[in-house]
Protein chains: 2
Amino acid sequence: MAQRGAYAKGVAKREEILEAALAVVAEHGYRKASVREIAETAGLSPAGLLHYFGSKEEMFVAILEARDQRDLREYAESDFISAFVDVVRHNAAVPGLVHLYARLAADAADPEHPAHDFFRQRTAQLEAIARGEIVAAQQAGTIRADLDPAWVMRTAHAVADGLQSAWMLDPTIDMAADLEQFLNLLRP
Amino acid sequence: MAQRGAYAKGVAKREEILEAALAVVAEHGYRKASVREIAETAGLSPAGLLHYFGSKEEMFVAILEARDQRDLREYAESDFISAFVDVVRHNAAVPGLVHLYARLAADAADPEHPAHDFFRQRTAQLEAIARGEIVAAQQAGTIRADLDPAWVMRTAHAVADGLQSAWMLDPTIDMAADLEQFLNLLRP
DNA sequence: GTCTATACTCAGATAGAC
DNA sequence: GTCTATCTGAGTATAGAC
């Protein structure tokens with residue numbers, strides 16, 4: 001395993017850096033989250049930080065990857081649709097993450113950006129997982145059978161992302177409740 | 001009028017700069033849209049450009065403001081709901097704008113950002129305009145009467161923004177069609 | 001493999017001349 | 001209104017210590 005021997009320290013440091021990065025974004029926003037300040041928070045030099053992550057952008061992608069893997073593990077046994085709402089609800093408790101996600105998603109429009117492939121694969125993976133669950137829900141009669149499963153996933157994803165954007169501007173919005181209301185609308 | 005006398009040239013130059021900025025974003029993406037390159041495209045020095053807009057970020061906000069005013073004028077006589085779909089459809093033909101909007105919306109999470117107030121006011125204005133139209137549609141029987149008008153607007157807005165994010169990653173998505181499908185779902 | 005010091009390049013912004 | 005010159009701070013490449 002990667003946790004053994006001479007690498008253990010490096011793995012721990014990597015995670016410490018990711019936590020420091022998220023903390024800085026949460027406190028000062030993405031714009032002011034410089035490599036210098038994150039490195040300082042994590043207790044090393046900027047060059048030391050880059051030793052682990054090649055570039056600032058790759059470091060931020062690593063945060064989103066870690067988040068997805070945590071969510072995937074945590075909600076592995078729940079049904080997909082309620083897990084989806086739970087993740088959005090949980091995101092409201094981690095403001096830095098939502099900000100980071102929105103910012104990287106925008107930057108990822110550029111095919112050269114390190115996050116471009118990550119977002120495309122993430123969307124594809126999400127759709128692959130969801131498709132079966134949506135079809136099953138349609139057969140079970142909890143989602144209208146006349147709706148295209150691909151459209152359902154695309155639109156639920158869009159609602160979640162769009163609500164998160166709105167929530168950053170106005171945190172009084174209840175993202176999870178609004179998303180649930182949308183999912184209710186899919187019922188027969 | 002602002003078009004008269006010694007100011008006419010300044011006004012024209014302002015618009016020329018905004019067009020140059022949008023062209024650069026459309027071609028190279030926001031990340032590579034430096035003040036230097038935009039200034040070069042508009043035929044003046046970086047400092048000359050900043051004379052008009054104070055900062056890079058304020059310049060980009062000015063582009064979004066101009067877009068909204070154009071849309072508002074163009075669709076003043078259409079009904080709100082079909083205009084909403086038309087605007088999204090039209091956005092697919094102006095890739096730089098969608099990219100710019102997504103990026104600024106993410107940055108605007110920071111209350112210090114020049115775009116913060118713009119986005120908050122824009123959302124408030126959109127909701128004010130929409131509310132009457134949605135209530136009227138409910139009375140006319142084209143939107144389910146049991147739905148909260150504020151929720152309808154928030155969610156339609158979220159769908160539009162979220163689909164635009166997805167479209168930047170995968171331009172084969174038909175944003176307007178997906179949005180219309182959502183609006184159909186609101187029907188009784 | 002882990003990490004620092006240094007330095008390079010580019011960005012946005014500012015001061016002041018014209 | 002627009003320029004040149006300059007400032008400050010960003011990201012990061014490099015060389016090399018441990």
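Letters A, B, ... mirror the listed sequences (proteins, then strands); counts begin at 1.
- For the pair A:His51 and C:dC3, the criterion of a side-chain N or O lying under 4.0 Å from OP1 or OP2 is not met.
- The listed nucleotides are C:dT4, D:dA10, D:dC3; the one nearest the side chain of B:Ala47 is D:dC3.
- Shortest non-hydrogen contact noted between A:Phe80 and A:Leu126 is CZ-O, 4.3 Å.
- At a cut-off of 3.5 angstrom, the base of D:dG11 holds at least one donor-acceptor pair with the side chain of A:Arg36.
- OP1 or OP2 of D:dC3 has at least one side-chain nitrogen or oxygen of B:Ser45 nearer than 4.0 Å.
- In this entry the distance linking CG of B:Leu44 with P of C:dG12 reads 14 Å, nearest Å.
- When rounded to the nearest whole Å, the span between CZ of A:Arg31 and P of D:dG9 equals 16 Å.
- Distances were taken from every side-chain heavy atom of B:Ser34 (C-beta onward) to each of C:dT4, D:dG11, C:dA11; the shortest belongs to C:dA11.
- Checked against D:dG11, C:dA13, D:dC3, the side chain of B:Leu50 finds its nearest nucleotide in C:dA13.
- Here the P atom of nucleotide C:dT2 and the CZ atom of A:Phe53 are 11 Å apart, to the nearest Å.
- Along DNA chain C, the nucleotide closest to A:Leu49 and the one closest to B:Pro46 are compared, and the more 5′ of them pairs with A:Leu49.
- In this structure, CD of A:Glu37 is placed 16 Å from P of D:dT12, rounded to the nearest angstrom.
- Shown here are the salt bridge (charged side-chain N to carboxylate O under 4.0 Å, His left out) partners of A:Arg67, two or more places apart in sequence or in another chain: there are none.
- Of the listed nucleotides (D:dT12, C:dA13, C:dT4), D:dT12 has the atom at the smallest distance from the side chain of A:Val35.
- Atom CD of B:Glu40 is separated from atom P of D:dT4 by 12 Å (rounded to the nearest Å).
- Between the side chain of B:Arg36 and the backbone N or O of B:Pro46 there is no donor-acceptor pair closer than 3.5 Å.
- The distance from the CZ atom of A:Phe53 to the CD1 atom of A:Ile38 is 10.0 Å, given to the nearest 0.5 Å.
- Taking atom CZ of residue A:Arg14 and atom C1' of nucleotide C:dT2, one finds them 14 Å apart after rounding to whole Å.
- Scanning all heavy atoms of the two residues, the minimum distance from B:Val25 to B:His99 falls at CG1-CB, 4.5 Å.
- Neither OP1 nor OP2 of C:dA11 sits under 4.0 Å from any side-chain N or O of B:Lys32.
- Taking every side-chain heavy atom of A:Lys13 into account, C:dC3 is the closest of D:dA10, D:dT12, C:dC3.
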